[in-house]
S.K.: 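Sharing a structure here in C-alpha cells format.
Numbers here simply count residues along the sequence, with the first being 1.
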Amino acid sequence: MKNKKLVIYIGLLALGFLLGGMLYGGASDTENEDMQVTEHNHVAVEETSQMWTCSMHPQIMQPEAGDCPICGMDLIPAAHSAEGLSVNEFKLSENAMALANIQTSIVGKSISTVDSGVMLSGKITENENETATMPAHFDGRIEKLYVNSLGEQVNKGQAVAQIYSPALIAAQQELITAYKLRASQPQLYKAVRNKFKNWKIHGASLDDVEQTGQVKTSFTIYSHVSGVVTEIAINEGSHIMDGKPIFKVSNLNTVWANFDVYENQISEFKKGQAIVIRTNAYPNKTFKGKVDFIDPILDTKTRTVKLRVVLNNKNGLFKPGMFVEGELKGITDSSEAHFAVIPASAVLWTGKRSVVYLKTNPNEPIFEMRDIILGHQIGENYQILEGLQDGDEIVTNGTFTIDAAAQLHGKKSMMNKDGGKVMTGHEGHIGMHINTSEAEKPLNKNARLKVSEEFKNQLNIVFNTYIELKNALAIDASEHVINQSKVLLANLSKVNMKLLTDNDAHTRWMSLKKDIETTAQLISNTEDLNMQRTNFKYLSASMANALEVFGINEKVYHLYCPMSDHNKGAYWLSKEDTVVNPYFGGAMLTCGDVKQIIK
C-alpha cells in the first residue's frame with residue numbers, strides 16, 4: 001500500500017515539474033516577444049519624429065506643427081541636420097538656394113585668367129593749360145555786362161562790359177589838359193596816354209575825349225582773351241577791383257579726361273601709355289589717347305591719384321562734366337600672368353581681411369569660408385594671390401546671404417573669423433534672400449499694399465534713421481555710421497508685425513525685414529568706409545522696396561549715380577531732390593540724379 005502511494009507522489013511531482021516548465025517557459029517566450037515589439041515601436045517613433053520650424057525664424061523648433069510664437073506663421077518641417085560636415089562647413093536647403101539666387105563659378109574655368117587691361121572711371125574737365133582770365137584793370141562799378149551766360153563764346157576785341165570809375169573821370173580831365181599842352185610838354189601828354197593804355201583803354205574812345213573835351217562817365221572795356229565762358233565772377237551793379245576776375249574762358253579744342261587710380265594700382269601706370277576711352281553719350285564710339293600726367297600727390301580721402309589724358313575736341317564731342325571710362329591695355333607684368341581673377345561680387349571685405357565662400361561639394365549646397373589675399377583690381381575683377389586654386393568653386397552671387405547663413409550656423413564668417421553664433425536680433429535667418437542684382441536695378445516695380453497708419457509711422461522711424469546713416473556716409477563719418485546702423489536695428493525691432501493682418505503684407509514684410517536687418521548688421525560690424533558703403537548699397541535696395549510696398553505718407557526721392565561701386569552704379573534714398581552722394585563723400589558729393597519719386 002505504501003509503495004503504491006509513493007509511486008503516486010513521484011508521479012504527481014514529475015507532472016508538477018512538467019507543467020511548471022511549460023508554464024514558465026511559455027511566459028518567458030511571450031515576454032521576450034513583447035519586449036522586442038516594444039523596442040521596435042520605440043525605434044520607429046524615434047525614426048519618424050519630426051521637428052517643426054518657422055521659415056522666417058529658424059531658431060524656433062517645435063515637436064509638432066502649429067504657429068510660430070514670434071510671427072504667427074505656419075510652422076514647416078525642419079530639415080534634418082547634415083552629417084559628415086567639417087567643423088567650418090554648413091549646408092543650405094535647395095529652397096534657400098533658390099530664394100537667394102546663389103550662383104557659383106569655378107576658378108580657372110568659368111572665371112577668366114588675368115587679362116592685360118584695367119578699367120578706370122573718369123570725368124571730362126577743361127584743359128587748364130588752355131584757360132584764361134579776363135580781369136579788371138581799375139576799380140569801378142559794372143553799369144552794363146555784355147557777357148552774362150556760361151558756355152558763351154567770347155572773341156578777342158569783343159565788348160564785354162561798360163564800367164563807371166571815378167579814377168577814369170579824374171584821368172580824363174588830366175588827358176584833356178595834357179592834350180592841350182602836348183606841343184610844349186609832349187612827355188606829360190605821353191605819360192597820361194600810357195596810364196590809359198595800362199588800363200587797357202585806348203583807340204577811338206580816348207580820341208573822342210581829346211577832341212571834344214568832354215569827360216565820359218563810363219567806358220566800354222573789350223576782351224583781350226578768346227574762348228568759351230566757364231565762369232562769371234560779377235553781375236551788373238557789382239563793384240570791381242583792379243586785378244580781380246570778371247570772367248574766365250577756356251579753349252575747348254582740347255579737354256582733359258581725369259581718371260581715379262587706386263593706391264594699389266599706381267605702380268602699373270606710366271606716362272605715355274595708350275588708353276581707349278568710352279562714354280555713355282556715344283556708346284558706339286571709342287576714342288584713343290595717351291597718359292599725359294600722373295599726379296605725384298595721393299588724395300588721402302579717396303586713396304587715389306589723378307591720371308590725366310589730353311583729348312582732341314575740335315568737333316566739340318566732349319563736354320566738361322561728362323563721365324567717361326578708360327581702358328588701359330598691356331600693363332600687367334608677364335610674371336603675374338598665371339594669377340586667376342575673380343569677380344568683385346565674390347569678395348567680402350572687413351578691415352584688412354578679404355574672404356570668399358567655397359562650395360565644397362559639387363553635388364550638395366555645402367559651403368565654407370576661405371580667407372584670401374587679393375592682388376590688383378582689374379576692372380570689375382580682382383587678382384587672387386593666395387587662398388584659391390584652379391578648380392575651386394566659389395560663390396559669385398548671393399555672398400551676403402551665404403555669410404548670414406554662416407553666422408547663424410555658428411561657422412566662420414566675415415565678421416566672426418573664429419566661428420560661434422552671432423546674435424542678430426533673431427539670431428540671424430537661414431536662407432536670407434538678399435540678391436546683389438536687386439541693388440543694381442534701375443527702378444523698383446512693387447505694387448502698394450494697404451496697411452495701417454500705425455505701421456507706416458513705425459516704418460517711417462526706420463527710414464529717418466536710414467537718412468541719418470546716409471548723411472553720415474556723405475561726410476565720411478565712419479563711427480557715426482556704426483552708431484546709426486545700431487539705432488536702425490533697434491527701431492526695426494520695434495516695428496510691430498502683428499499690425500499686418502493681411503497674409504501677403506505679413507510675408508512681404510518678414511522678407512524685407514530680414515534683408516534690412518542683415519545689411520544694417522553688417523554695416524554696424526565694420527569701421528571700413530568702403531565696406532560700409534558696399535553694404536549700404538544693398539540696404540538702400542531693401543529700404544526702397546519696403547517704401548514702395550508699404551509707403552510712409554511722405555515723398556521720397558530715389559537717386560542714382562553711375563560712378564558708384566566701380567562704375568556698376570548704385571541707388572540711395574533721400575528726402576530732398578538735392579544730390580548728396582553717400583558713396584564718395586567729399587570726393588564726388590554731387591554725382592547722381594533723381595530717377596524716381598516714391599509717394
Side-chain angles (χ1 to χ4, degrees), residues 121-126 149-151 230-233 235 258 260 279-281 299 301-302 304 319-324 439-444 446 456-457 459-481 483-485 487-488 491 516 519-520 523 529-530 532-548 550-599:
S121 302
K123 197 174 184 179
I124 297 296
T125 65
E126 299 90 359
S149 61
L150 296 178
T230 56
E231 182 181 338
I232 300 176
N235 299 307
N258 286 323
D260 291 320
T279 174
N280 289 337
D299 187 325
K301 290 184 177 180
T302 61
T304 61
K319 316 295 181 184
M322 183 182 289
F323 292 123
V324 290
E440 298 162 12
K441 290 181 180 178
L443 295 174
N444 297 309
N446 290 312
K456 290 182 180 180
N457 292 336
L459 181 58
N460 202 346
I461 294 174
V462 177
F463 173 65
N464 286 332
T465 314
Y466 164 91
I467 293 297
E468 292 297 323
L469 194 158
K470 181 262 297 183
N471 293 339
L473 284 173
I475 59 174
D476 301 324
S478 175
E479 287 296 327
H480 193 45
V481 170
N483 293 335
Q484 288 304 315
S485 62
V487 174
L488 189 149
N491 290 336
I516 295 171
T519 48
I523 292 172
L529 265 171
N530 290 330
Q532 288 175 341
R533 283 171 170 141
T534 298
N535 293 324
F536 180 76
K537 174 179 177 177
Y538 304 110
L539 174 63
S540 297
S542 300
M543 283 297 304
N545 286 335
L547 298 189
E548 276 213 330
F550 302 108
I552 55 173
N553 294 329
E554 184 177 341
K555 183 186 290 185
V556 178
Y557 295 92
H558 202 185
L559 296 98
Y560 175 75
C561 172
M563 300 284 286
S564 302
D565 195 14
H566 305 293
N567 283 330
K568 289 190 290 186
Y571 291 79
W572 73 96
L573 301 171
S574 175
K575 290 189 173 185
E576 299 87 22
D577 58 358
T578 303
V579 177
V580 181
N581 192 313
Y583 294 104
F584 293 105
M588 295 177 64
L589 201 61
T590 59
C591 173
D593 55 8
V594 176
K595 292 296 184 182
Q596 182 189 23
I597 298 177
I598 304 173
K599 298 181 180 180

S.K.: Applying side chain to side chain donor-acceptor pair (under 3.5 Å), can you list everything that pairs with Tyr466, at least two apart in sequence or on another chain?
M.R.: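 Result, side chain to side chain donor-acceptor pair (under 3.5 Å) vs Tyr466: Ser540.
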S.K.: List in chain and number order the residues that pass salt bridge (Lys or Arg N to Asp or Glu O under 4.0 Å) with Asp577, two or more places apart in sequence or in another chain; answer none if no residue qualifies.
M.R.: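 Listed in chain order: nothing, the list is empty.
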S.K.: Could you list the residues that satisfy side chain to side chain donor-acceptor pair (under 3.5 Å) with Thr304, not counting sequence neighbours?
M.R.: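 Thr304 satisfies side chain to side chain donor-acceptor pair (under 3.5 Å) with Thr302 only.
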S.K.: Who pairs with Asn235 by side-chain contact (heavy atoms from CB on, under 4.5 Å), at least two apart in sequence or on another chain?
M.R.: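 Residues passing side-chain contact (heavy atoms from CB on, under 4.5 Å) with Asn235: Ser238.
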S.K.: Is the closest side-chain heavy-atom distance between Tyr557 and Val579 below 4.5 Å?
M.R.: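 No, side chains not in contact.
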S.K.: Tell me every residue that passes salt bridge (Lys or Arg N to Asp or Glu O under 4.0 Å) with Lys575, counting only those two or more places apart in sequence or in another chain.
M.R.: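 With sequence neighbours excluded, Lys575 shows a salt bridge (Lys or Arg N to Asp or Glu O under 4.0 Å) to Glu554, given in chain and number order.
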S.K.: The criterion is side-chain contact (heavy atoms from CB on, under 4.5 Å); which residues satisfy it with Thr465, sequence neighbours excluded?
M.R.: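 Listed in chain order: Gln484, Val487, Leu488, Asn491.
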S.K.: Going by salt bridge (Lys or Arg N to Asp or Glu O under 4.0 Å), name the residues that satisfy it together with Glu231, two or more places apart in sequence or in a different chain.
M.R.: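 So Glu231 forms a salt bridge (Lys or Arg N to Asp or Glu O under 4.0 Å) with Lys248.
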S.K.: Would you please name every residue forming a side-chain contact (heavy atoms from CB on, under 4.5 Å) with Ala281, sequence neighbours left out?
M.R.: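 Testing Ala281 for side-chain contact (heavy atoms from CB on, under 4.5 Å), a comparison that skips the adjacent residues, returns Thr279, Met322.
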S.K.: Does Lys555 have any side chain to side chain donor-acceptor pair (under 3.5 Å) partners at least two apart in sequence or in another chain, and if so, which?
M.R.: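 In terms of side chain to side chain donor-acceptor pair (under 3.5 Å), with neighbours along the sequence ignored, Lys555 is linked to no residue.
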S.K.: What residues form a side-chain contact (heavy atoms from CB on, under 4.5 Å) with Val556, not counting sequence neighbours?
M.R.: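 Expected list: Phe463, Leu547, Ile552, Leu573, Ile598.
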S.K.: If the condition is side chain to side chain donor-acceptor pair (under 3.5 Å), which residues does Gln532 pass it with, not counting sequence neighbours?
M.R.: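 In terms of side chain to side chain donor-acceptor pair (under 3.5 Å), with neighbours along the sequence ignored, Gln532 is linked to Ser478.
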S.K.: Would you please name every residue forming a salt bridge (Lys or Arg N to Asp or Glu O under 4.0 Å) with Lys123, sequence neighbours left out?
M.R.: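 Expected list: none.
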